[in-house]
Amino acid sequence: MSIIIYGEKERSFQELLSAAKIIKEKIGDAIYAVVIGHNISDLAEKVASLDIDGVYLFDDEQFRAFNPEIYFRALKMIIDETNANIVMLESNYKTKILGGLLASTLNLGLIVDIVEISFEDGKILTKRPVYAGKALSTQIIEGNKAVMTLKPGIFSPTEFGGKKANIIKKSIDVADVKMSLIEFTPKVVVGEIPLEDAEVVIGAGRGVKKKEDLEMIKELAKTLEGAWGVTRPLAADYGWAPEWIGISGVSIKPKLYIAIGISGQPQHTSGIRGSKIIVAINKDPDAPIFKFADYGIIGDLYQILPELVKRLKEIKGEK
Amino acid sequence: MAKILVGVKFSLKVDNLIMDPRTLEVKEDETPKQMGDMDKRALEEALRIKEKTNGEVTVISIGPPDAKKILMEAYAMGADEAYLLPVESIPDTHVVSRIIAEFYNKHGPYDLIILGASSTDSFTSTLGARVAGLLGIPILPFAKKIEIEGDEVTIESELGDGTYKFKSKMPAVVTVTLEINEPRIPTLKDILKAKRRQIFEISPNELGVDIGESLVKISEVKAYEEKRKNIIFDASDPSKIGEIIDKLIEHLREEGVL
Ligand SMILES: Cc1cc2nc3c(=O)[nH]c(=O)nc-3n(C[C@H](O)[C@H](O)[C@H](O)COP(=O)(O)OP(=O)(O)OC[C@H]3O[C@@H](n4cnc5c(N)ncnc54)[C@H](O)[C@@H]3O)c2cc1C
Ligand SMILES: Nc1ncnc2c1ncn2[C@@H]1O[C@H](COP(=O)(O)O)[C@@H](O)[C@H]1O
């Protein structure tokens, strides 16, 4: 029984492989990676140097940006060819769609956002967060046939090195594709640390009253050499930032998260669960965020922030 | 004249989860429920398309008898027809997608199926793609904007690494996110009128779907235990701020995060 893994970045393949090995050890015999994109032979080379049985590479202009129908066809081709029963994808918007298409057309089980994999009585047992991240659901895959999407940042990455696997070039015909991508505008992030990778994240919520006041948040982030992010309303409703932290946005896992003027609704807190230490600053003593915090300060952020930044700058200067 | 099928889920209110305090087992039966947040926007978007194209909106929900409540709400908002596909408890997305696809085959065809991008409670974000896969029609996912022109649908969506604009011929499945619109609030008159409307019922069996056929079994759902330190300082008196910040910094240094 073979296992397919598919991600977009080096790191995704490293994490997926660790998870795939848990399954291979019990019931699998080969793990193949699929790499899809345009001008990405470097990524394929890198993935081939993981401890893996083969890499299938789709490298063509038609894969320049995501089109569900085209990417689905590519993956399906490899699943058919390798007779794979287990397909593991890095969890994100695109792979939820690919997972849905693959599971329904190949009649496979489907579990998304997996954070734990083990075996029980010879069956694959997985855990995933549900109810806006308030609960954990344990699910058993019948027949050990499934598409699984894995939350990034959970499974420890496999190291590169070791024997080099074969890279097999593939292509598909897209003449009859029904759906077209007519425009793609990549997100530009300039000179800021991406939220997902930051060791310190400062989060701003609706307690921050004006866009200009975000400068205080950015100043604190800069002082701590971290990134800054916001809750959904600040991004989606006010347009103050391109993305937000939470279940429908980015999940973060810094060493330190400081939530400022954030009430702590489950849709937000589900995205910060991976943080080592959480600090909350809120003027409402009953704000749910305090239940979620290691340290909290009840008070007005407009009074606390300037003081906090001042003290931290002094300390950084001391060093 | 666009014919549109909308799926709405009788979803748990995740802000009001009821759980056994000892075992942390979530009590789904006792937790209050409502129409999903994105599902409501799917319905709103369908109604707007209907109003523009002189179309027709059919709403379905696979759920327990209580789910009639959200179908009434759909009538109050302006749906033309509402169907309950009664089940004891809501099955997994494999079965739900089979039911929606079979409903489409027997009652359709529809030009568009509009669903929420994600349900409020299980949040798998996969149902749209599953239905599209079963029917062999395109999936246009996570739309924050939909445009219909002739027999074509165009959407705009954010998929993490940028903004995408997709286009396809109809029929197609579209899923919508929270940004797409602000759902209408029905008037009291609409609500009263909706009470007289009939909610049609078809059992999944009649559609040829066995609700026991799911490939994934849920063995338990347990609330997370929040294991945070909860050390809270009160600085509502501003004169205390300096001292409290010093304490906080000391703690953070001890934790090794500063
Ligand atoms: C399907 C769905 C998905 C969602 N996904 C996400 C998501 O991914 N991420 C997300 O963040 N949200 C998400 N939301 C929205 C979420 O439910 C909350 O509405 C949102 O997180 C609240 O943001 P907030 O904490 O900034 O605002 P509020 O809830 O309004 O809280 C503001 C807080 O600021 C405090 N405050 C005000 N003034 C001050 C002051 N001067 N000093 C100190 N404190 C002050 C208040 O006491 C309050 O606690 C989603 C909602 C839905 C329905
Ligand atoms: N039981 C159901 N009945 C009708 N529609 C549903 C049901 N479950 C999910 N949906 C629709 O599918 C969307 C996505 O659900 P999910 O893939 O589970 O996140 C929801 O927003 C609803 O529009």
Side-chain angles (χ1 to χ4, degrees), chain A residues 66 68-69 92-94 96-97 99-101 103-105 108-112 130-132 134-143 146 178-187 236 247-248 255-256 265-266 276-279 290-299 303-304 307-308 311 315, chain B residues 12 14-15 17 26 93-94 97 121-126 128-130 132-134 138-142 159-169 178-179 215-224 226 228-236 238 241-242 244-246 248-249 251-252 255 257:
Chain A
F66 181 67
E69 199 176 349
N92 57 46
Y93 294 115
K94 300 174 196 167
K96 301 251 173 94
I97 301 313
L101 289 170
S104 59
T105 45
L108 300 170
L110 174 62
I111 305 182
V112 297
V130 290
Y131 307 153
K134 279 188 151 184
L136 198 59
S137 165
T138 304
Q139 320 200 348
I140 294 161
I141 299 171
E142 297 294 336
K178 290 183 190 144
M179 170 171 174
S180 50
L181 171 65
I182 50 180
E183 212 178 291
F184 172 57
T185 320
K187 191 158 77 188
I247 190 168
S248 58
K255 283 193 183 144
L256 174 62
Q265 298 309 312
K276 183 170 173 237
I277 295 292
I278 295 175
V279 175
F290 286 125
K291 288 204 202 74
F292 223 87
D294 295 290
Y295 301 97
I297 302 183
I298 302 167
Q303 292 175 335
I304 294 167
E307 196 61 30
L308 181 61
R311 281 297 287 135
I315 292 169
Chain B
L12 271 60
V14 290
D15 295 345
L17 276 193
V26 176
T93 49
H94 168 79
S97 60
D121 46 9
S122 42
F123 216 86
T124 79
S125 320
T126 58
R130 297 193 81 135
L134 290 173
I139 165 75
L140 293 84
F142 298 102
L159 299 180
D161 56 353
T163 310
Y164 290 73
K165 214 166 173 179
F166 294 114
K167 182 163 146 172
S168 97
K169 281 218 161 29
L178 291 174
E179 288 77 58
L215 304 167
V216 174
K217 295 265 177 310
I218 297 182
S219 75
E220 86 178 0
V221 181
K222 251 188 180 164
Y224 275 105
E226 302 306 349
R228 295 285 169 182
K229 298 197 176 82
N230 303 133
I231 301 172
I232 312 295
F233 305 104
D234 190 347
S236 21
I241 289 175
I244 284 174
I245 284 176
D246 285 341
L248 174 70
I249 289 175
H251 278 296
L252 296 183
E255 300 278 5
V257 296

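Residue numbers start from 1 in every chain, and the chains themselves are labelled A, B, ... in the order their sequence lines are given, proteins ahead of strands. Since the structure is predicted, the reported quantities are computational estimates derived from the model, not experimental observations.
- When atom types are taken as modelled, the side chain of B:K217 and the backbone of A:E142 share no donor-acceptor pair closer than 3.5 angstrom.
- Note that CD of A:E307 is 8.5 Å distant from CG of B:D246, once rounded to the nearest 0.5 Å.
- Between A:K291 and B:E226, the shortest heavy-atom distance links the atoms O-CB, 4.3 Å.
- If you tally non-hydrogen atom pairs under 4.5 Å between each of B:L159, B:L140, B:L134 and chain A, the highest count goes to B:L159.
- For the residue pair A:P68 and B:I139, the shortest heavy atom distance occurs at CG-O, 4.0 Å.
- Interface residue A:L108: only backbone heavy atoms are found under 4.5 Å from chain B.
- Considering CD1 of B:I241 and CD1 of A:I297, their distance stands at 8.0 Å, rounded to 0.5 Å.
- Nearest heavy-atom pair, A:M179 versus B:S168, reported as atom, atom and distance to 0.1 Å: CA-CB, 4.0 Å.
- Expressed to the nearest 0.5 Å, how far OG of A:S137 lies from NZ of B:K222 amounts to 12.5 Å.
- Ring geometry for A:F66 versus B:Y164: interplanar angle over 60°, hence perpendicular rather than tilted (30 to 60°).
- Top candidate by heavy-atom pairs under 4.5 Å with chain A, chosen from B:P238, B:S219, B:S97, is B:S219.
- Interface remark: of the candidates A:L308, A:I277, A:V279, A:T105, A:I277 forms the most heavy-atom pairs closer than 4.5 Å to chain B.
- Summarising the geometry, atom NZ belonging to A:K134 is positioned 5.0 Å from atom CG belonging to B:L17; distances are rounded to the nearest 0.5 Å.
- Between chain A and the options B:I232, B:L12, B:I244, heavy-atom pairs under 4.5 Å are most frequent for B:I232.
- In terms of heavy-atom pairs under 4.5 Å with chain A, the best-connected choice from B:I249, B:V216, B:L248 is B:V216.
- The heavy-atom pair separating A:G100 from B:A129 by the smallest distance is CA-CB, 3.8 Å.
- Between A:Q265 and B:D15 there is a side-chain heavy-atom pair separated by less than 4.5 Å.
- In this structure, chain B has a heavy atom under 4.5 Å from the side chain of A:I111, while its backbone stays farther away.
- Only the side chain of A:K94 comes within less than 4.5 Å of a heavy atom in chain B; its backbone stays farther off.
- Of the listed residues A:L256, A:I304, A:L136, A:T185, the one with more heavy-atom pairs under 4.5 angstrom with chain B than any other is A:L136.
- In this structure, NZ in A:K96 is found 7.0 Å from CZ in B:F123, a value given to the nearest 0.5 Å.
- Judged purely by atom type and a 3.5 angstrom limit, B:D121 has no side-chain atom pairing as donor or acceptor with the backbone of A:V130.
- Nearest heavy-atom pair across A:S104 and B:G133 is OG-CA, 3.4 Å.
- Checked by atom type and distance alone, the side chain of B:K229 never pairs as donor or acceptor with a backbone atom of A:Y295 at under 3.5 Å.
- Per-residue heavy-atom pair counts under 4.5 Å with chain A were compared for B:D234, B:D161, B:I218, and the maximum is reached by B:D161.
- The 12-atom threshold is not exceeded at NZ of B:K167, counting heavy atoms of other residues, nucleotides or ligands nearer than 6.0 Å.
- Remark: B:R130 CZ to A:I97 CD1 distance equals 12.0 Å, nearest 0.5 Å.
- Of the possible polar contacts, none joining the A:D294 side chain to the B:R228 backbone as a donor-acceptor pair under 3.5 Å is found.
- Here the closest heavy-atom approach between residue A:F292 and residue B:N230 is recorded as N-ND2, 4.3 Å.
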